[in-house]
Number of protein chains: 2
Amino acid sequence: MNKTIGFIGLGNLGLPVATNLLSAGYSLVVYNRTESKAQPLVAQGAKLVSRPVDTITTGGIVVSLLWDDEALESVAANPEFLKKLGNGGIHISMSTVSPDTSKKLAVLHAEHGSFYIDAPIFGRPEAAVAKQLWIPYSGPKQAKEQIQPILNAVGAQGIFDFGEEVGAANLVKLVGNFLIISAGRSVNEALTIVKEKGFEPKAVLDMLTATLFPSPIYKSYGSRLVESNITFLQNRIPIKDIGIFKKTAELVGSPTPISNALLELLKGENKED
Amino acid sequence: MNKTIGFIGLGNLGLPVATNLLSAGYSLVVYNRTESKAQPLVAQGAKLVSRPVDTITTGGIVVSLLWDDEALESVAANPEFLKKLGNGGIHISMSTVSPDTSKKLAVLHAEHGSFYIDAPIFGRPEAAVAKQLWIPYSGPKQAKEQIQPILNAVGAQGIFDFGEEVGAANLVKLVGNFLIISAGRSVNEALTIVKEKGFEPKAVLDMLTATLFPSPIYKSYGSRLVESNITFLQNRIPIKDIGIFKKTAELVGSPTPISNALLELLKGENKED
């Protein structure tokens, strides 16, 4: 397994995913906009380069894990990137982006003889460290077979094949994140009332997660409120992800009553900062 | 176990609950506004009376399962009802009502030497038939001990003691129903997009309920959409329950962003009828 993989994007998820690939025996050539974040990987033998395109081995495999559609397109729709990846190359796209962006990129890749696979990941950074990610993936069969060992190396908890049509896995990820955010916010709204009424939220959470909602999402969001009063970390991910979900829905005329409310709520909180 | 129990309210849940009490060996004296609904019970030996108060055996146990706060109060705040229930009597209140209504009624019962216990039930009518209900309950210890066999006879799936303060179980029920409705609507919004984008919602539901959301609520709402396109039965229960939840929250100044959105959504649908 002396295979070399390119890796673009060493954020909170990218760094542990890349680390797990190194541990699994792959050689990595990495790029990150903020170079200093690559240091832990370089210390473990990864090669750091200064342009995304330089991570690529022609005909090989490159993984990207970037912030949004725009960041991904700026890297992967670049003619130099596509030319270098070349015939038989595989791009594993792990970012949370819209299915339409993936479809567009898949066409560009195919024009250069390479494969684009969307394989976004479910899990917090600590789950990524522990290889406890769930990974839906979709794309051409031939390429999917080749990348199975890579997906298994980072997502030991489960990988889920969503067929050959690129974008399917992106949609699963958007839908899943929407449901996570909706559930988290609902649990928060529910347990806050319990507290305000002077009752014990832990007992309520314990019953509900033992009966109707035996879900890690309900347990983790609920426990955070019960134990620490810290409910939601202020970060930009929920706004971004609900935004992509809502846009994707609106493009096909699908109704968005809950995502509208979530987006308003999230935007309101960010204004308060 | 030749004990006689009064039973008031034979709706979609009341009827199966009362039937299970008969099966468990209790004698029932029943009341329902629409008398014809009592016929299956009368056929099995229940005695039908024409006023709620006539179901009561002084010092005995009466169960009520009514539509809302107003219906419950019209029965149980009635001086004749309270006087007849009398010293040592127990009222098991299974309706979905606000904690404050229960607290008010508990005071009135105590003034007459009787006990009021809130024990609302989680489960669809078919779960009630199968005794697969979950029942949170709260109230005075002494009375709770006496009614355990009754709760177990109708809620074999699990009964949950929420302490001595009346209203705690009502709050659990309101919070649970809010979470059920929020989850159901969110699953619907999510899987509708999957369909509209031309992907297979079953595969998405299968992954999500095997990973992030292994919950009977997500499975049942999701399956309904996947299998039959029938998503939500038009009935008044969600509007009523979200309404009580929201009012309860507002009285203590607890924020209601998601329940507001759900209430708007539900009211919009009802207008379309």
Side-chain angles (χ1 to χ4, degrees), chain A residues 99 122 134 136 157-158 160 162-163 165 167-168 171-172 174-176 178-180 182-183 185-200 203-204 206-208 210-218 245 248-249 251-262 264-265 268, chain B residues 99 122 134 136 157-158 160 162-163 165 167-168 171-172 174-176 178-180 182-183 185-200 203-204 206-208 210-218 245 248-249 251-262 264-265 268:
Chain A
F122 281 107
W134 286 301
Q157 191 146 319
F160 298 82
F162 279 90
E165 191 174 344
L171 190 59
V172 173
L174 290 176
V175 155
F178 160 71
L179 289 174
I180 290 169
S182 169
R185 293 291 168 164
S186 297
V187 168
N188 192 55
E189 186 163 328
L191 294 184
T192 300
I193 294 175
V194 175
K195 275 191 174 181
E196 297 289 344
K197 289 290 288 182
F199 292 106
E200 181 48 65
V204 179
D206 285 349
M207 174 185 168
L208 292 174
T211 55
L212 301 158
F213 299 104
S215 144
I217 300 299
Y218 284 75
F245 174 87
T248 302
L251 282 172
V252 289
S254 197
T256 55
I258 315 265
S259 41
N260 284 345
L262 291 171
E264 254 179 58
L265 172 61
Chain B
F122 281 107
W134 286 301
Q157 190 147 321
F160 298 83
F162 279 90
E165 190 174 344
L171 191 58
V172 174
L174 290 176
V175 156
F178 161 71
L179 289 175
I180 291 169
S182 170
R185 292 292 167 162
S186 296
V187 168
N188 192 54
E189 185 163 329
L191 294 184
T192 300
I193 294 175
V194 174
K195 275 192 175 181
E196 296 289 344
K197 289 290 288 181
F199 291 106
E200 180 48 66
V204 179
D206 286 349
M207 174 184 169
L208 293 174
T211 54
L212 301 159
F213 300 104
S215 145
I217 301 299
Y218 283 75
F245 173 88
T248 302
L251 282 172
V252 289
S254 197
T256 55
I258 314 265
S259 41
N260 284 346
L262 290 171
E264 254 179 59
L265 173 60

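Fair warning: this is a prediction, and the values are worked out from it, not measured in the lab.
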So, for [X] and [Y], which heavy atoms are closest and what is the spacing to 0.1 Å?
{"X": "B/P214", "Y": "A/P216", "result": "CD-CD, 3.8 Å"}
{"X": "B/A183", "Y": "A/Y218", "result": "CB-OH, 3.7 Å"}
{"X": "B/A168", "Y": "A/F199", "result": "CB-CE2, 3.4 Å"}

Give the member of A/L174, A/I258, A/V194 that has the highest number of heavy-atom pairs under 4.5 Å with chain B.
A/I258
Looking only at heavy atoms and a cut-off of under 4.5 Å, which of [options] has the most pairs with chain A?
{"options": "B/L191, B/T256, B/V187, B/V172", "answer": "B/T256"}
{"options": "B/E264, B/E196, B/M207", "answer": "B/M207"}
{"options": "B/L251, B/L265, B/I217", "answer": "B/I217"}
{"options": "B/G176, B/G253, B/P255", "answer": "B/P255"}

Is there side-chain contact between [X] and [Y], with at least one heavy-atom pair below 4.5 Å?
{"X": "B/L212", "Y": "A/L179", "value": "no"}
{"X": "B/F213", "Y": "A/F213", "value": "no"}
{"X": "A/P257", "Y": "B/R185", "value": "no"}
{"X": "B/I193", "Y": "A/F178", "value": "no"}

Listed by chain and number, what are the side-chain hydrogen bond (donor to acceptor under 3.5 Å, both in side chains) partners of B/S182, not counting sequence neighbours?
A/S186
Can you sort out the partners of B/S259 under side-chain hydrogen bond (donor to acceptor under 3.5 Å, both in side chains), two or more places apart, ordered by chain and number?
A/E189
